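All values derive from a computational prediction rather than experimental measurement.
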Amino acid sequence: MNYRARYIKTNETNEEGSVSKTSQSDRIHPMDVQVAVFHCADGFLKQLMVTKLSQCQYALPLLVPDPFTQQIEFPLWTFRQINKSWKMRNTNNEIISQTQAIYKVQTPMVSFFRFGSVSSSKSELMNSLINEKHNTFFHRNCPGSSRTRVLMDGVVEIAWFCPSGKNTDTFTDCVAFCNLHGDAGEHEKQLQILIEMASVNVVQLSKLDKNDKSMIKLDQLYKDSKPLICLFTEDDSAVTEPIKGKYKIGLKDRNQSEVSEELRRTINDCLSESSSTFRLEDVSKHSDIRVDEEDDEDCRRGREAARQMMSLLEKKDLTEIKDSFLPHQGKLWHQWSQKNKDLHRPRSDELEMDISRKQTEMNKIREQQHESDISEIIKMFIKEMNSYAEPEKIFFIKWLGILLDEFTSAGLFDLHHKYDEKWSTVLKLKENHDKSEKLKGEQADLERISEELQAAAFGLEHIMREIGQIYESCSSVKKNKKDLQFHFSSLPSLAAEMMISGLPLELMDGDAAHVPVIWISAVLDKLIQKLGDQRVFVLSVLGLQSSGKSTMLNAMFGLQFAVSSGRCTRGAFMQLVRVSDKMKTQMNFDYILVVDTEGLRALELAGRSTRDHDNELATFVVGLGNLTLINIFGENPAEMQDILQIVVQAFLRMKKVRLNPSCVFVHQNVSDVTAREKNMEGRRRLQETLDEMTKLAAEEEDCDAERFSDVIRFDIQNDVKYFAHLWEGNPPMARPNPNYCENIQELKETIMYHASKSHGMMPIDFKVRIKDLWEALLNERFVFSFRNSLEISAYKKLETEYSKWSWSLRSAMMETENKLHNKIENEAIHEVEETDLQTDLKKTSEEVEKSMSEFFEKDKDKDILIQWKSSFEIKIKELQENIVRETKRKLNEILQQRDLKKETDAQRTHHENTLYEKSKELHLKRKDIANDEETLKKEFALFWEQSVNKIITETPPIKDIDIMRDVRDILSNVFEGDITEDNEYINIFTVWSYFEYVIFKNSTKGTVKGTFGCIQTLSPDDEARIRSLVTDVDQQTDRMINSFNISTMGYKISHIQQLTDYIKKRVKKHEEESVKYEFKNEFFMDLVYSICKKANKIITEQHRKFRDANDPVICVERKREEYYSVVQKYCHEATSAAIFGEIICQKLKEPIEQSVYKKTARDLTYEIMKNCSSLNGNRSNLEKHILKTLAEEEDFVKYIDYINFPSHHYKDFIRDEVSQYISDKFSVSVLPKMKKNIKLLQQKIIKAAHESTEHVQVNRGDVGLWLKSFTQQLSNVLIFSEKDLSAVKHDDVDDFNLLEDVIRKELPAIMSDISSRLNTDTFPLNLDYKFRPDEILIDHFCQCCWVQCPFCGAVCTYSIGNHYGEHSAPFHRSTGLNGTYYNNTSNLSTHICTSAVANSTLYFHPNDSDDTVLWREYRRAGGVYADWSITPDLTELPYWKWFVCRFQKDLGKYHKKTFEGEGEIPNEWRKYSKQEVIESLDKYM
């Protein structure tokens, strides 16, 4: 806003690009430019132009003729936002201040016009009367002026002189001056209007002929009763008054100052005699002129709607309007806000019952709010906003603001005057050390006036606040209001549209000192819907009250923040500024979101703890902003001290919670901004003050920081700006200082530089940040309470990606492992090297690396994610190494086991060889029965029975096993006593507390201290350590059982011995650690028994598979039909090639079946991970589905299993999910996959047979070469090698085409047989345990963190075992679930960790010590406590509250305690339905 812009000279550029000088007559007149723009502008731009001209103390267009039709326009609309302030003295010589909207103020008006051509400038003379130092009216001697003007003739401009109340004032009252440009004789309509409305007419003229028509008009003026002053350019006489009220002043060859003084004196004399006044609005009453407000239909409709609303306020007491028309935001909203703060800042000894009571009271307040009627004014506002299009809507809002200001201004002015008088009285009494009742009375009156001032403030922000509270009340009670004509969910859309239109929205209610989070979140959600995926740069501003913050923002971005001293910003407001396309190329933002705040140390807050309030406000806006402007008025270090300490403390808090805003300091009102040395000194002083404040703030925040640069990246040279005075001269007639405007531009460039270096945030991130910051501030201890939802969300997203990356590596290695497994079994390879595995994994590894790189570089949260980049790169590398290492171990075991079972394989081969030979002998002996099928069958049956009996004699069958019998035998040996089936064992995985299993060392005490008023039988630390031991032993023994490979090697009692030895070793090692207890024998026995009992089914099933594959009788019986078919072929004189082809097909049946099952299992695993909602995300998603399932089933035993042993429950849940999926999808997914894999294998086998035939024919080889080629081609996909056919003599096979044809013909029948046996029962049974989808998924999902909260047992939900940072859970539970109860009672505790840590006095005894630690300082207890992040959270968290109510009796019976007395369950907990708590999981997880 630089007033010198009007004087910019123009140059013309010719076609060659060189600048040419233009003659004065050819120049474009600057005022023509102004008028041309005015004609081309719409109503809003015209209003903005006129408002800016007024701020620059320039004259404003009052009557503007249309350049084409000469129709005169009165742009009344353009004056509507202009206010003028002045001071004058009353009859008692007291200074009275006035601030009024210029369109309605009544003032004297002096009109200036000329007849004919004159030699001196009328406008220049007027300027000397109004402001000698400023060209209010543009005149011929101004820079850039030209002789010719096209559009200015006939234009009437108006300006006001506003006195300052000093003796030096030219006029003692506000006076309007009108200037008709051009010859008045040619603009009769304009002249007529001016003459009629003026208090004094001033005409400038040279000599006129008697016959000149202007002489006639002058004669009329002379005869009129109004004062007339004639300025003669060709006369040199001083002022004279030939006739009363008619003056004559000569201008020729006279001193300009002398003329000005005479004219000023004369006008004052005239005004003292005249009582006529001028009001701008009255100009519209003249006929034959066009009034812009009436001519613009949108403007007129907006005005009528606004007036209709205002009619409802007529004759209402200003201080009672809010109570009458805005009931939702008054007493009830303030009560709710205070209750919410009380809820988050609990008193000492508060129980969950007290917390629940407060929440109930808050809900009742919301219900009362909801029951309040919506006032007619709000209904009308909503109706108008919903029924208008964009232009009409903006006109309506602007009109409403104008009329509300008009309505409240007088009342506010009177109240401010009363406040000032009362404040002066109180100060005088204090100065006199008066402590009488009079002082108290005056202070009470002052407080009452202050309250009236607050009540009388009524603007658009209060209407929007009311709508926000209507929305919040409806949202809380979850139903629409009866008198709301549409659904309340549409209200945020209205506010979002206003923001998009450039209007500010209240972010923090300054009266209630509270953020309406529900409303703001809903508005931002709608904003996101309307704007899409736009990125914003958040600029927040802090400063002392009345330090020019809002003025600076309005000047910099053209915003509309309130700037008048009568209504300073209360709380915080936010406003969107659209970034131009040109600016978008410099920085990656679509909008700048500006947050303006209530001034720090605001006088209005005198009744509150201003320091706490200022800290809250500073922390809030600093946390929100990507950049914070710290506005300081003047250079006085003492003035700076308070604000700097508050600001430094806010930045220190941001550093501690890993938010990284930047800052720029702005010194306003600096006298000499050009003195470099002075600025350097100022910067040095600021640096010292900041460092000093950093030390003080660091002590208060309990952290190490010596310098401000330790807290935030800050450039003292570039991030400190010095601003000139806003005004050039003394108000009210002062113009804006051009240096201030230049300073604004420099600051804007600095902001743009910071913005270009920042990534800003998405609106949804801004919404989350508001909620996080406000929740933390409500809890007083900001750093402790801050829950960085954006960081948590980003980390969860990273975990989900990590899950995908790890799965890619695992699945790739599974394929490699399967291929190599086949080759090992086929004896195609005899060793496995890590380098080979790494080579196979290289392609997938590179793809994962690329995906990781893109994720960290391109994700919208990349600035947050970068902190974990290196650690996750290391994790992926470690995972890859572990996968390779583990795969090598498994394959080497297979190699070893292959060698170990050679004897078994040789024995089986021997039996098969014998049977084949005997089958052939049977054919040779009984050729006569070849055509008698019945006799052949009888002979074969006899032969078969004899053969099987002989095998049984030679090789004993593999017996069934009894795992639990073996366990009892081994335990009997360990404890040297008989342990029978009658012995009672406890399933250790269902045990709640391990207290019964321990004996305390050197102690007879049986209990230890717990939380305040609560005890546990074992300290949380000890319980957690034992539970961790049990969990880890369970996991390690699972791995051991898998490594036994029982399905291949068979079961041995030594397996149980190994498990027992391992468990014994772990228990002993635990006892040797620094624990204060020893285990009873029952602990070891129950642990062994529980683990073996759990593994019993798996081991038994695996042993069954081993027996089916290796028991000689079962194997032989399974091949009976195969051998009979061979006998038939021999009997029918089939060729060797045909018989050998059939034998090959029969031998392929088992490997094909095995391969199909394994391949389908892998394919199915991928599909389940994609389609099964519980298994297609990260760990948190899996837990959410587990909790939903538990709630749906309402099975207390399963809940106990989940609470005590989550990892055990997770595995069971995954198994159930997979089993259910297979059952549900068998016919539509599993079966088609198997058939597809069967078909693919069939094609591969036929292809291998064909290529082997070709290979033999080309190389003229024998059947050995054919078989070698055939098996090698299939070695990757089937466990099938030459040794499988070693028992079959095939040397005489020489017809390879026939052999291929037989395989091609016989194979479909084999495949059909396999397909016919596929069903839901056989699928899991025929799958090797380690290849089952559920076990693959367990291996993938359960390599995570299983640490449980030491207070309530909630499980850490991080997907990675050795994860970054502290353990955390989305929500915690009642500690009573963990068996915690109140001291000397049998009452279970209802405390929830997240509310307990908000309490300032509640404490507990860590471990079994006598030390006390406050819950809110739980980390001080060390050990398992220090590893957890438990942030205060007083949101509903209904899930576990519902669980406690639903299973109250079961929990009491289980713990042998009750929820009574201090542990009584709050009634509020009982309101939740099962469906509600299930739905709540989507909100909190």
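Nearest approach of Met1085 to Leu971, heavy atoms of both residues: O-CD1, 4.4 Å. When all heavy atoms of Tyr1425 and Pro1350 are compared, the pair lying nearest together is CD2-CG, 3.8 Å. Of all heavy-atom pairs spanning Val998 and Lys1080, the tightest one is O-CE, 3.7 Å.
With respect to Lys804 and Glu801, a salt bridge is recorded, a charged nitrogen being found less than 4.0 Å from a carboxylate O. In this structure, Lys1474 does not pair ionically with Glu1192, as no charged nitrogen and carboxylate oxygen lie closer than 4.0 Å. Salt-bridge check for Asp1108 with Arg1104: passed, with a basic side-chain N closer than 4.0 Å to an acidic carboxylate O.
Between Val1444 and Arg1373 there is no side-chain heavy-atom pair separated by less than 4.5 Å.
A side-chain donor-acceptor contact under 3.5 Å links Asp1339 and Gln1343. Between the side chains of Asn1096 and Thr1100, at least one donor N or O sits under 3.5 Å from an acceptor N or O. Side-chain contact annotation: Arg885 with Asn882, donor-acceptor N/O pair under 3.5 Å present. Under 3.5 Å, the side chains of Ser808 and Glu847 contain no donor-acceptor pair of N or O atoms. In this structure, a donor-acceptor pair under 3.5 Å is absent between the side chains of Thr990 and Asn987. In this structure, a donor-acceptor pair under 3.5 Å is present between the side chains of Gln1475 and Glu1479. A donor-acceptor pair shorter than 3.5 Å cannot be found between the side chains of Asp1216 and Gln1220. Under 3.5 Å, the side chains of His1340 and Ser803 contain a donor-acceptor pair of N or O atoms. Neither side chain, Tyr1166 nor Arg1162, offers a donor N or O lying under 3.5 Å from an acceptor on the other. His1209 and Asp1201 share a side-chain donor-acceptor pair at under 3.5 Å. Of the N and O atoms on the side chains of Asp1450 and Tyr1199, not one donor lies less than 3.5 Å from an acceptor on the other residue. For the residue pair Tyr1202 / Glu1183, a side-chain donor-acceptor distance below 3.5 Å is found, with atom types taken as modelled.
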Worksheet item: Where do Phe1331 and Tyr1157 land on the ring-ring contact (aromatic ring centres under 6.0 Å, His included) test, with the steps shown first?
Response: CA-CA 9 Å; Phe1331 297 125; Tyr1157 274 101; over 10 Å; no
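Not a single side chain to side chain donor-acceptor pair (under 3.5 Å) links Lys1225 to another residue, sequence neighbours left out. Shown here are the side chain to side chain donor-acceptor pair (under 3.5 Å) partners of Asn1176, two or more places apart in sequence or in another chain: there are none.
To the nearest 0.5 Å, the span separating CG on Asp1334 from NZ on Lys1211 amounts to 12.0 Å. Distance check, rounded to the nearest 0.5 Å: CD1 of Ile883 to CD of Gln838 gives 12.0 Å.
For the pair Arg1027 and Phe1205, the cation-pi criterion (under 6.0 Å, within 45° of the ring axis) is fulfilled.
With respect to Lys1158, the side chain to side chain donor-acceptor pair (under 3.5 Å) criterion is satisfied by exactly one of Asn818, Asp1163, Asn1237: Asn818. Each of Gln1058, Arg1066, Lys1065 was compared with Tyr1062 under the side chain to side chain donor-acceptor pair (under 3.5 Å) criterion, and only Arg1066 meets it.
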